[in-house]
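The figures here come from the full heavy-atom set of this structure, side chains too, leaving out hydrogens, waters and symmetry mates. Quick caveat, the model's predicted, so the values are computed rather than measured.
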Amino acid sequence: MNKKLIKLLSLFILAAGLFSCSPSFASASSDIWFNDLKTLFLNNRAIILAINIRSFNAEDKNGDDIIMPEKGEIAGNFVNAVKRLDEIKAQGINTIHILPITPTGKTKALGTAGSLYAISDFTKIDPMLDDKTNDLSVEEEAKNFIQECHKRNIRVIVDLPSCGSYDLFLAKPELFMTGTDGKPVIPFDWTDVRVFKAVNADGTLNDALYKEYKAYIDMVQKLGADGIRADVATSKPAEFWKNLILYAKSKDPEFLFLAEASECWNKPLTANAPFTPYHQLLDAGFDGWYGNFVDYKNWHTQEDFQKNITLLKDIIKSYELKKTPKAVIGSFATHDEISPVLTGGIPYAQQIIWLQATLPVNSYFVDGIQTGDSYLYKYANKKAADSYTDSNVYFVHKGKFDIFNLSRKPGATNKNNNIIYDFAVANQFKEKASAILNKGEYAFLNTGNNNVFSYIITLNYSSLLVMVNKDLSYSHNAEVKIKDFKNNDIIVPLAFTTTPVVTKNKVKMDMMPGEIAVFMISRNAEDPKKK
């Protein structure tokens, strides 16, 4: 679709009064930053990009995907990261989620730089993120980076790891669970980290661990960050989080707390470890959670989609009634998930981009999706010539964002112009049409084909129609009826691959595998039925 069509669509939205009328948000024109992230998030207006500073703007000069500073290549750091901010701002990003910035463990490590989530110190920033060519400390560089984000009206969420490295266990064993053998407990198959002890044997909170978490909050707030994403938030008791959230928000009421938790998660990190379900985390003060979109790849039918979206809307409504509003992110593809391009090709990547632009969620993407990065690295799991840890293997999970090594900049390979275009347009549309997305009436439509799901959102004289072929292997015919559609109503296709056929009050499509189609309908304002 061309730019003229986008402009035409914008005029429809404007004419229908659908431009956002949400509370005003922080302005980049002022030198003084006022955090507004919680308000933005609760209005489903956050468009979030998850980034890894040590790869965000890395310079891979020989094209082998791995960064080798000893050969003159440059890893990502807080200084060169500033150079990409205008780029992501132009793509519609208004919030970044920085994956952990603390030092990583080097003993019993995975990868040659250590996992970002194998924290070794709660009160320091990883020295690997420092630009050694200036006299600033890495803390000063981090603070400056956040200020540069704020100048562009980009908010900053910083990640809070859930487990500790073996190095941290050796230094502070009182922070960790131990088994009957006295050894620290390893969660799942995460061999490079150990489980924190959030609760003592007598049922009280582990004050030593809580103090470390408070110190972390102090550090990131001092840097100027606007919120926290709590990794595996389910692994700490509700009381632990309630106390920490009250502490943080006593200093900044707009400081966001996002819980990595889902309705479909029900198991602790390990036996005898705490498990706090998502609703208890929300009751404890978290502003939002991941939702069930992490399981979207397993929703195969119209019934699956309708059931899960209805549940989500019911959860959000229940908190609105309690006057403690909550919101969710579109967690279709986090850094723990395989690249959307590998999951279902380019159509699937476009599908989850547009779903987030047309559902009442905060959009969430991992750096690289905007170009179609497959996260397939040439060095993957090969023996390393050099290492900053005790591992001599470039450990990665196939098709997943590298968090273990000094890797190339995401999106540097496999660039796809269709995804690049859709990413920017979908984010632009979401920002302009936030009123219809949040205030409009949602209805699910019968498509005549259980592989294709559809929904329509209506507010005032405009409607947003979405059709999705969930089948990634086969094409499917589908049609939907548009209630009260008139001859003088105007329907504009915003995203599509197959040309739709519009006859009377029906939209018919022979949808390609994984295709998503999005239409804006401008209705006749003179029709008394729409008043």
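Of the candidates Lys409, Arg54, Arg408, Arg84, Arg84 is the only one forming a salt bridge (charged side-chain N to carboxylate O under 4.0 Å, His left out) with Asp367. Results of the ring-ring contact (aromatic ring centres under 6.0 Å, His included) test with Phe286 over Trp241, Tyr278, Phe255, Tyr319 single out Trp241 as the only residue that passes. Across Leu40, Val156, Asp226, a single residue satisfies side-chain contact (heavy atoms from CB on, under 4.5 Å) together with Asn35, and that is Asp226.
From Asp60, atom CG reaches atom OG of Ser55 across 11.5 Å, with rounding to the nearest 0.5 Å. Atom NE2 of His300 and atom CG of Leu472 lie 9.0 Å apart (nearest 0.5 Å).
Between Phe34 and His150, the distance separating the two ring centers is not shorter than 6.0 angstrom. Proximity of the aromatic rings of Tyr213 and Phe240 is defined here by a centroid distance below 6.0 angstrom, and this criterion is met. Note: His397 and Phe404 meet the aromatic proximity criterion, with ring centroids under 6.0 Å apart. Ring centroid separation for the pair Tyr377 and Tyr394 does not come in under the 6.0 Å cut-off.
Side-chain contact annotation: Tyr379 with Asp402, donor-acceptor N/O pair under 3.5 Å present. Residues Ser387 and Thr389 have side chains that bring a donor and an acceptor to within less than 3.5 angstrom of each other. A donor-acceptor contact under 3.5 angstrom links the side chains of Lys106 and Thr104, judged on distance only.
By the neighbour-count criterion of 12 heavy atoms within 6.0 Å, atom CG of Asn392 is densely surrounded, having more than that number from other residues, nucleotides or ligands.
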Donor-acceptor pairs under 3.5 Å, side chain of residues 120-131 to any protein atom, not counting sequence neighbours: which ones?
| residue | atom | partner | partner atom | Å |
| --- | --- | --- | --- | --- |
| Ser120 | OG | Pro103 | O | 3.2 |
| Asp121 | OD1 | Thr123 | N | 2.8 |
| Asp121 | OD1 | Thr123 | OG1 | 2.9 |
| Asp126 | OD1 | Met128 | N | 3.0 |
| Asp131 | OD1 | Thr133 | N | 2.9 |
| Asp131 | OD1 | Thr133 | OG1 | 2.6 |
| Asp131 | OD2 | Thr133 | OG1 | 3.3 |

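Residues passing the salt bridge (Lys or Arg N to Asp or Glu O under 4.0 Å) test with Glu239: none are found, sequence neighbours excluded.
A cation-pi arrangement, defined by a distance under 6.0 Å to the six-membered ring centre and an angle within 45 degrees of its axis, is absent between Lys236 and Phe196.
At a threshold of 4.5 Å between non-hydrogen side-chain atoms, the residues Ser165 and Val193 do not count as touching.
Under the 30°/60° scheme for interplanar angles, the aromatic rings of Phe293 and Trp299 are found to be tilted.
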